[in-house]
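Notes follow the structure.
These figures come from a predicted structure and were not determined experimentally.
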Amino acid sequence: MNTSATPRPVGAHPGTPPRRLVRGLPWLVLRQQRLAIALTLLLAAGSTWYAVHTTDVALAFLARHDIAPCPPGEGCRLPTEFAERFQVPLRGMTFGLSVLPVMAGIFLGAPLFATELESGTHRLVLAQSTTRTRWFLAKAIPPVLLALVTTVPVASAAGRWRGVVLDHAGTNATWYDWGSFNATGPVPIARTLLLVAVGIALGLLLRRTITAMGASLLVGGAVFAAWEKARPYLGQAITVRGTPARIGVPDGAWVRDSSFMTTGGARVQVPDACFLRDQAEYEACLRDHDITRYWAEYHPPGHFPALQRVESVTCLALAALTFAFSWWWTRNRLH
């Protein structure tokens with residue numbers, strides 16, 4: 001008698017398949033996307049570990065060399081070794097996180113429905129008892145959850161790494177560059193959800209996988225460029241007026257717009273010849289050209305969280321509208 005066999009649960013019948021945690025249509029969708037899900041999770045886990053590990057090594061380097069955080073409003077020069085080992089790789093990390101939303105739209109969003117619509121297999125599913133809404137949600141929810149699970153830890157780890165650099169470099173490290181905005185905080189999360197939603201909508205509309213992926217690339221690039229142009233105007237800037245000798249813009253500020261002005265208020269450019277002199281001659285040259293005032297609008301470093309919040313909320317609202325449109329299209333126009 002074989003006593004090593006695993007006993008069946010009480011009430012189970014011979015030949016009954018094991019119960020799955022996820023069954024039915026959700027299980028089918030997860031099985032279809034299992035390779036993309038596994039690769040994405042693996043890449044996110046590796047990127048998070050790399051960012052956390054590099055940040056810890058950078059902190060140990062700073063402690064070993066007795067480098068204190070930079071005083072507020074000042075710029076501090078860090079050793080060349082620190083820049084090579086920690087600041088240059090950070091640029092690569094932020095670039096990867098900046099393009100992550102576009103890649104998510106191309107490879108997670110666009111093929112999601114386009115593949116089935118192109119092959120016609122969606123008709124087999126919709127011919128069953130499954131409703132269109134249930135089919136849409138079962139297909140769309142996994143990439144949304146996957147985007148959250150992957151971008152949240154990676155963006156958090158990259159933000160901690162960036163914070164260490166900014167704390168010790170001060171105004172010598174720009175807080176308003178595209179990498180800081182696109183790769184840290186809530187922005188990469190919200191933008192990823194938006195471009196996944198856009199990819200899904202394009203797949204439903206175009207019904208061709210390659211075409212939808214190409215369109216997602218174009219839209220993702222357009223979104224990236226549009227935010228770069230619009231970002232300085234997402235919040236109220238501080239306006240200062242002064243003289244050319246006392247401009248009044250603090251170090252480390254993000255100058256949105258500025259101009260030298262004449263006595264009559266006209267905006268002018270400073271002649272190149274004025275810059276080739278010492279301070280006294282420079283001011284005399286400006287007076288000779290009737291340049292007596294300076295005007296500027298700028299964002300201080302403290303505006304960074306507010307600007308990110310506005311951008312993130314806008315992306316999330318656009319993502320919700322795009323998902324709603326895709327759901328409506330699936331229910332009413334898909335055939």
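In this structure, R333 is positioned above the aromatic face of W329, its NZ or CZ under 6.0 Å from the six-membered ring centre and within 45° of the axis. A cation-pi contact links R162 to F304, judged by a cut-off of 6.0 Å to the six-membered ring centre and 45° from its axis. Under a cutoff of 6.0 Å and an axis angle of 45°, R231 and F181 form a cation-pi pair.
By the ring pair (Phe, Tyr, Trp, His ring centres under 6.0 Å) test, H53 is found to be paired with W49, residues two or more places apart in sequence or in another chain being considered. With sequence neighbours excluded, the residues satisfying salt bridge (Lys or Arg N to Asp or Glu O under 4.0 Å) with E297 are R256. Partners of R287 according to the salt bridge (Lys or Arg N to Asp or Glu O under 4.0 Å) rule, which considers only residues two or more places apart in sequence or in another chain, do not exist here.
A 6.0 Å sphere centred on CZ of R267 holds more than 12 heavy atoms belonging to other residues, nucleotides or ligands.
Looking only at distances, a side-chain donor or acceptor of R132 sits under 3.5 Å from a matching main-chain atom of L334. Checking side-chain atoms of Q308 against main-chain N and O of T184 turns up a donor-acceptor pair under 3.5 Å.
Atom OG of S326 and atom NZ of K139 lie 13.0 Å apart (nearest 0.5 Å). Distance CG/L307 to OG/S180: 12.0 Å, rounded to 0.5 Å. Once rounded to the nearest 0.5 Å, the distance linking CZ of F86 with CG of L59 reads 9.0 Å. The CZ atom of F323 sits 6.5 Å away from the CZ atom of F136 when rounded to the nearest 0.5 Å. Note that CZ of R64 is 6.5 Å distant from CZ of F61, once rounded to the nearest 0.5 Å. To the nearest 0.5 Å, atom CG of residue D288 and atom CD of residue E283 are 12.0 Å apart.
With contacts defined as side-chain heavy-atom distances shorter than 4.5 Å, the pair L234/W227 qualifies. In this structure, the side chains of H65 and P79 stay at 4.5 Å or more apart for every pair of heavy atoms. Put simply, the side chain of R191 does not reach to within 4.5 Å of the side chain of L100, judged on heavy atoms. Looking at P300 and I238, their side chains come closer than 4.5 Å, going by heavy atoms from C-beta outward. No side-chain heavy atom of Y294 sits under 4.5 Å from any side-chain heavy atom of M261. At a threshold of 4.5 Å between non-hydrogen side-chain atoms, the residues P186 and C315 do not count as touching. The side-chain heavy atoms of H168 and C70, taken from C-beta on, include no pair separated by under 4.5 Å. Residues L97 and N182 fail the side-chain proximity criterion, which asks for heavy atoms closer than 4.5 Å.
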Checking side-chain contact (heavy atoms from CB on, under 4.5 Å) for the pair L286/T292: CA distance, chi angles, key distance, verdict? CA-CA 7 Å; L286 294 180; T292 58; over 6 Å; no
Decide yes or no on ring pair (Phe, Tyr, Trp, His ring centres under 6.0 Å) for W135 and F113, but give the supporting numbers first. CA-CA 10 Å; W135 178 66; F113 289 94; 5.1 Å; yes
Could you walk me through whether F224 and S98 pass the side-chain contact (heavy atoms from CB on, under 4.5 Å) test, one step at a time? CA-CA 9 Å; F224 187 96; S98 297; 4.1 Å; yes
Tell me, with the steps shown, if M213 and F107 meet side-chain contact (heavy atoms from CB on, under 4.5 Å). CA-CA 7 Å; M213 293 174 72; F107 294 104; 3.6 Å; yes
Full working for side-chain contact (heavy atoms from CB on, under 4.5 Å) between R160 and D56: CA-CA 10 Å; R160 178 170 173 258; D56 292 339; 2.8 Å; yes
Dump the intermediate steps for side-chain hydrogen bond (donor to acceptor under 3.5 Å, both in side chains) on T131 and T133, then the final yes or no. CA-CA 5 Å; T131 64; T133 296; 5.1 Å; no
Determine whether S258 and W295 satisfy the following criterion, side-chain hydrogen bond (donor to acceptor under 3.5 Å, both in side chains), listing intermediate values before the conclusion. CA-CA 6 Å; S258 65; W295 165 88; over 6 Å; no
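In the hydrophobic clustering of ILVMFWY residues, with side-chain heavy atoms under 4.5 Å counting as a link, L62 and V57 come out together. No path of Ile, Leu, Val, Met, Phe, Trp and Tyr side chains, each step under 4.5 Å between heavy atoms, connects V99 with L146, placing them in separate hydrophobic clusters. Cluster annotation: V152 is connected to V196 through the hydrophobic network of ILVMFWY side chains, with a link wherever side-chain heavy atoms come within less than 4.5 Å. Note: the hydrophobic cluster containing L321 does not contain V219 (ILVMFWY, side chain heavy atoms under 4.5 Å, direct or indirect links). The hydrophobic clustering, which links ILVMFWY residues whose side-chain heavy atoms are closer than 4.5 Å, places L148 and L43 apart.
The nearest pair of heavy atoms linking T150 to V154 is O-CG2, 3.1 Å. Contact between T209 and P111 at its shortest, heavy atoms only, is CG2-CB, 4.0 Å. Between R207 and H335 the shortest heavy-atom distance is NH2-O, 3.2 Å. Residues I200 and A140 approach most closely at CD1-CB, 4.2 Å, considering heavy atoms. For the residue pair L194 and T322, the shortest heavy atom distance occurs at CD1-OG1, 4.4 Å. Taking every heavy atom of both residues into account, G203 and L117 meet most closely at O-CD1, 3.7 Å.
Salt bridge status for R91 with D177: absent, with no side-chain N to carboxylate O gap under 4.0 Å. Salt bridge E116/R123: absent, no basic N to carboxylate O contact under 4.0 Å.
By the 30° and 60° cut-offs, the orientation of the rings of F95 relative to W178 is perpendicular. Ring geometry, Y176 versus W254: the interplanar angle falls under 30°, so the pair is classed parallel (tilted spans 30 to 60°).
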